[in-house]
**Student:** 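Questions regarding the structure given below will be posed in turn.
Numbered from 1 within each chain, the chains take letters A, B, ... in sequence-line order. If you're wondering where the values come from, they're calculated on a predicted model, not measured in any experiment.
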Number of protein chains: 2
Amino acid sequence: MASNLRPDQLANLLRRAVRERMLLPGQTLNQDELASRFGVSRIPLREALRTLAGEGLIVMRPGIGAVVTELRPDELDELLELRMALEPALLASVVGKVSAQQLAELRAHAIRLGDLAVEGDLDSWCSEHYAFHRRLLELAGRRHSLRLVMQVINLMEPYARVDASLAPDGARSRCDHQALLDAIEAGDAGRTRQLAEQMIETSRARLAGLINDIPSSEDPLAAMLVDLKR
Amino acid sequence: MASNLRPDQLANLLRRAVRERMLLPGQTLNQDELASRFGVSRIPLREALRTLAGEGLIVMRPGIGAVVTELRPDELDELLELRMALEPALLASVVGKVSAQQLAELRAHAIRLGDLAVEGDLDSWCSEHYAFHRRLLELAGRRHSLRLVMQVINLMEPYARVDASLAPDGARSRCDHQALLDAIEAGDAGRTRQLAEQMIETSRARLAGLINDIPSSEDPLAAMLVDLKR
DNA sequence: GTACGCTACTGTGTATACAGACGCTACAGG
DNA sequence: CCTGTAGCGTCTGTATACACAGTAGCGTAC
């Protein structure tokens, strides 16, 4: 597969692979395998990995290689606090900047999300959910805020996916997003911010209960403990 | 100079070079020159550059190379808003986590800062000021928050340096930092947060007036405007 | 049977080498 | 005199190749 992919595109693919749990937290990545899978040599692949390392998504350990960042429960909580500090303000600043056409596209996207929730296609729902949020956040036109928020969301995403798979189907309804779009369309920044805060708070409440059940790829300590129990 | 530097260390050196305005915003970096200067080949250097790209400090333009990120005035403002959203909370969470010895070291550091302000050694003051803030923020023990805040601070730093060089000497007094340490020692999280907010607000007020005077390496638009004025 | 050390192998890290893109300069045409 | 273009040089981007570190597996000694 000589796809002639560039480091930036490779980085995108790798981010998605981490988000979608094709590369699991704690997993050590084999550069030869990834490179040949993408049809490139290890040089551009390694550059992509370094980019992800700069974003905190992976860690490069000298002599060992790239390891997907693993989060402790308290770190997940920290990330949710960061989202709380960043995302509502960013969404509020979207108010007044979005055109009628953009809003229509977002509404269509939200409806697709609702349909997927009903169908129960979890992976698709997660991907579309992620894309929806990202598009919305992009509209603020604040590149630095966007970069930081996306870093936080990308870090959480592999865990959020597990959360989504355990949550009841009703939690993935379309209502939240439609309400958010309503507030934005109405030009109500305060309400937008409030709804955003509410959504994050909901995530936090759900994650708090599930945090210990999230499986990681190797988690040596947990494996040891399991062995010791026998 | 065959220093055998690793990409991580190279990234540190490059970050410092950007902070200290040895590499100016807008400047295109020559990989051969940098590599030979550090005594390594271009491969580890490029990996370091990709790391900085992941942090937003530089941009990799295909076929052109690495360009130091240049900020528009509104972006500086955005970054200050981000600091406002992140840093006070982080500093407040330091309260209660810092040992007597760490506090003593920080006090010594603050006194050094005051001395440097009196001496008028601007470069040293800026570097020590940066190091002081970083150490303080590290004590919170929140790696993700720290990473994000440092990204923001690193982006602003080359501009903050110009600001510092234009500000009156009195602005670089030691009082601010001592007061902050006092609040932390007293275990007063609220006051700590308030002082942090105040410091950022001060920066913002100063930068607002100076934003247009900050020289960049090329700033094509500004150059065009200057030409047009003649 | 267990614990330690050695060896072989796998995979990372980097230097060298080469292909191709970008930009600059010099020249020809309008 | 200005504009468009062709050619060249410099620098980026990537594949190949090699040196070395980490790891696992085996054998040996206790």
**Student:** Write out all pairs satisfying side-chain hydrogen bond (donor to acceptor under 3.5 Å, both in side chains) with one or both partners inside residues 51-67 of chain A, taking only residues at least two apart or from two chains.
**Tutor:**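 Sorted result for residues 51-67 of chain A: Arg15(A)-Glu55(A).
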
**Student:** Could I get the full list of salt bridge (charged side-chain N to carboxylate O under 4.0 Å, His left out) partners for Glu78(B), not counting sequence neighbours?
**Tutor:**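 Applying salt bridge (charged side-chain N to carboxylate O under 4.0 Å, His left out) to Glu78(B) gives none.
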
**Student:** Could you check how far CG of Asn4(B) sits from C1' of dT14(C), rounded to whole Å?
**Tutor:**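 One finds 9 Å between C1' of dT14(C) and CG of Asn4(B), rounded.
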
**Student:** Polar-atom pairs under 3.5 Å, protein N or O versus N or O of nucleotides 9-12 of chain C: list them with distances, or write none.
**Tutor:**
{"from": "dG11(C)", "atom 1": "OP1", "to": "Asn30(A)", "atom 2": "ND2", "distance (Å)": "3.4"}
{"from": "dT12(C)", "atom 1": "OP1", "to": "Leu29(A)", "atom 2": "O", "distance (Å)": "3.0"}
{"from": "dT12(C)", "atom 1": "OP1", "to": "Gln31(A)", "atom 2": "N", "distance (Å)": "3.3"}

**Student:** For DNA chain D, whose closest nucleotide is more 5', that of Glu47(A) or that of Arg6(B)?
**Tutor:**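 On the 5' side of the pair lies Glu47(A).
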
**Student:** In whole angstrom, what separates Ile43(A)'s CD1 from dT14(C)'s C1'?
**Tutor:** 8 Å

**Student:** Run the salt-bridge test on Arg72(B) and Asp74(B) with the 4.0 Å N-O cut-off and return the result as yes or no.
**Tutor:**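 Asp74(B) and Arg72(B): salt-bridged.
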
**Student:** Taking C-beta and beyond as the side chain, do Arg161(A) and Leu122(A) meet within less than 4.5 Å on heavy atoms?
**Tutor:**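 Side chain of Arg161(A) against side chain of Leu122(A), heavy atoms only: no contact under 4.5 Å found.
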
**Student:** Can you pull the contact range of chain A along DNA chain D, 5' to 3', using atoms under 4.0 angstrom from its heavy atoms?
**Tutor:** dT14(D) to dG22(D)

**Student:** Parallel, tilted or perpendicular: which one describes the rings of Trp125(B) and His129(B), with boundaries at 30° and 60°?
**Tutor:**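 Trp125(B) vs His129(B) ring planes: parallel.
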
**Student:** For the pair made of CG in Leu45(B) and C1' in dG13(C), what is the distance, rounded to whole Å?
**Tutor:**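 Leu45(B) atom CG is separated from dG13(C) atom C1' by 15 Å.
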
**Student:** Output all residues satisfying ring-ring contact (aromatic ring centres under 6.0 Å, His included) with Phe132(A), sequence neighbours left out; order by chain, then residue number.
**Tutor:** His109(A), His177(A)

**Student:** Among Arg142(A), Arg134(A), Arg135(A), which one satisfies side chain to side chain donor-acceptor pair (under 3.5 Å) with Glu138(A)?
**Tutor:**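 Single side chain to side chain donor-acceptor pair (under 3.5 Å) partner of Glu138(A) among Arg142(A), Arg134(A), Arg135(A): Arg134(A).
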
**Student:** Find the distance Asp8(B):CG to dG13(C):C1' and express it as a whole number of Å.
**Tutor:**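 Between C1' of dG13(C) and CG of Asp8(B): 12 Å.
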
**Student:** Which residues pass the side chain to side chain donor-acceptor pair (under 3.5 Å) test with Glu47(A), sequence neighbours left out?
**Tutor:**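 For Glu47(A) the side chain to side chain donor-acceptor pair (under 3.5 Å) partners, ignoring immediate neighbours, are Arg46(B), Arg50(B).
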
